[in-house]
Number of protein chains: 2
Amino acid sequence: MTAEENQARFLRCIGEPTRLQILKLLTKGERCVGELARVLNKEQSLISHHLKALKKCNIVKDRQETQKVYYEITNDRLAKLIIDSEVLMKELSLCKCQEMNYGREENQGSGEEEIRSNS
Amino acid sequence: MTAEENQARFLRCIGEPTRLQILKLLTKGERCVGELARVLNKEQSLISHHLKALKKCNIVKDRQETQKVYYEITNDRLAKLIIDSEVLMKELSLCKCQEMNYGREENQGSGEEEIRSNS
DNA sequence: TTCATATATGAATTACAATTCATATAAACA
DNA sequence: TGTTTATATGAATTGTAATTCATATATGAA
């Protein structure tokens, strides 16, 4: 495993839309699997699979409390890197590639909806 | 195209071993396609494909000089992000995942061999 | 114009990753 | 114990990306 292969693996692990959504939620604090699935409106098994991938790369760690399993980002510098890359991408207009979406700003499903409202 | 999709696309564009190798070479200055292929010991067409992908995401830009086409990173902050992620990955031992390689440090083909030695 | 050099491109193949679905495990509780 | 809730897992499918190969394009030189 070369240095670049490891780094690439790490970047690709972060570079998946659903995992980015998960990570952005986790930058604000730990969340359990069910919450993540509910907020992001995705299947629980899908979230579990993604969390497993993130954990495998040491990007998140988990903590069990009764039935629930809470996940959080392993290190604040990681959270910062994710935000930095987002800022950079926006400021430099990177990846406006792949046709369309010039000047528009959509934001559906980005994780800012209600939570902790039921139960 | 959501914000996360764009960011993910950007991160995955960087997150490929050969493209990382290319980018690391380019952090030290512009290079033409042939040089990159020679130094990395990969097919010229492969390098061209990867450069096209990077260009599509505005990560690199090109400049033609006679027959040769020179590529460079579009922005220094991008180069910094790449280095930052490398440092972070190493310091946090991220992505030691995927079995094996604990404690070893390989470095074959990472782009530090001779260049400009022929011609 | 013909040849050599440099780069790009498209099609085909292969490899890998995301998603879904069904189900397993395990804790809490009635 | 049986039931509900929460999470994990494996197999199957699908989608996407990397690589190779053959070839096109374009520039410069003989």
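First the proteins, then the strands, lettered A, B, ... as listed; each starts at 1.
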Checklist entry - Are H49(B) and dT9(C) stacked, counting the six-membered base ring, centres under 5.5 Å, planes under 30°? => result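 One would call H49(B) stacked on the dT9(C) base.
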Item to check | Pair R19(A) + E4(B), salt bridge at N-O below 4.0 Å | outcome: no
Checklist entry - CD of E16(A) versus C1' of dC16(C): gap in Å, rounded? => result 13 Å
Next on the checklist: Can you tell me whether the side chain of Q67(A) and the base of dT5(D) have a donor-acceptor pair closer than 3.5 Å?
Outcome noted: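 Pair found.
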Checklist entry - Quick one: OH on Y70(A) to CZ on R63(A), what's the gap to the nearest 0.5 Å? => result 6.5 Å
Item to check | Under-3.5 Å donor-acceptor pair between Q64(A) side chain and dA27(C) base | outcome: no
Checklist entry - When you match E65(A) and T18(A) each to their closest nucleotide on DNA chain C, which lands nearer the 5' end? => result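 Result of the comparison: T18(A).
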Next on the checklist: From C-beta outward on H50(B), which listed nucleotide comes closest to its side chain: dT19(D), dA8(C), dT7(D)?
Outcome noted: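 Selected nucleotide (nearest to the side chain): dT19(D).
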Checklist entry - Does any N or O donor sit under 3.5 Å from an N or O acceptor when you compare the side chain of Q44(A) with the base of dA8(D)? => result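 Yes.
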Checklist entry - Mapping K42(B) and L51(A) onto DNA chain D by nearest heavy atom, which one lands closer to the 5' end? => result L51(A)
Item to check | Full working for side chain to side chain contact (heavy atoms under 4.5 Å, CB included) between K42(A) and H50(A) | outcome: CA-CA 11 Å; K42(A) 309 239 159 140; H50(A) 281 308; over 6 Å; no
Next on the checklist: Considering every strand and a 4.0 Å limit on heavy-atom distances, what is the contact class for K52(A): base, sugar-phosphate, or nothing?
Outcome noted: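 Counting heavy atoms under 4.0 Å across all strands, the contact made by K52(A) is with sugar-phosphate only.
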Checklist entry - Base, sugar-phosphate, or nothing for T66(A), non-hydrogen atoms under 4.0 angstrom? => result sugar-phosphate
Item to check | Test: E86(A) and K24(A) ion pair at under 4.0 Å | outcome: yes
Item to check | Spacing between L40(B) atom CG and dT19(D) atom C1', to the nearest angstrom | outcome: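 Taking atom C1' of dT19(D) as the reference, CG of L40(B) is at 15 Å.
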Item to check | Minimum-distance nucleotide to S48(A) side chain [options: dT7(D), dT7(C), dT20(C)] | outcome: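 For S48(A), the side-chain atoms sit closest to dT7(D).
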Checklist entry - Could you state the CG-P distance from L46(B) to dT14(C), rounded to the nearest angstrom? => result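 Taking CG of L46(B) and P of dT14(C), I get 17 Å after rounding.
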Checklist entry - Is R19(A) near enough to dA18(C) that one of its side-chain N or O atoms lies under 4.0 angstrom from OP1 or OP2? => result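 The answer is yes; a side-chain N or O of R19(A) sits under 4.0 Å from OP1 or OP2.
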Checklist outcome for this item: Stem ranges of DNA chain D by first residue number, counting only runs of at least 3 Watson-Crick or G-U pairs under 3.5 Å, come to C:1-30 with D:1-30
Checklist outcome for this item: Separation between CG (L23(B)) and CD1 (I83(B)), nearest 0.5 Å, reads 9.5 Å
Next on the checklist: Rounded at 0.5 Å granularity, tell me how far CG in L54(A) sits from SG in C13(A).
Outcome noted: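 Those atoms lie 4.5 Å apart.
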Next on the checklist: What contact category does Y71(A) fall into here, base, sugar-phosphate, or nothing, at under 4.0 angstrom with non-hydrogen atoms?
Outcome noted: sugar-phosphate
Checklist entry - Do E16(B) and R12(A) sit within salt-bridge range, that is, some charged N less than 4.0 Å from a carboxylate O? => result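 Looking at R12(A) together with E16(B), the answer is no, because their closest N to O distance does not fall below 4.0 Å.
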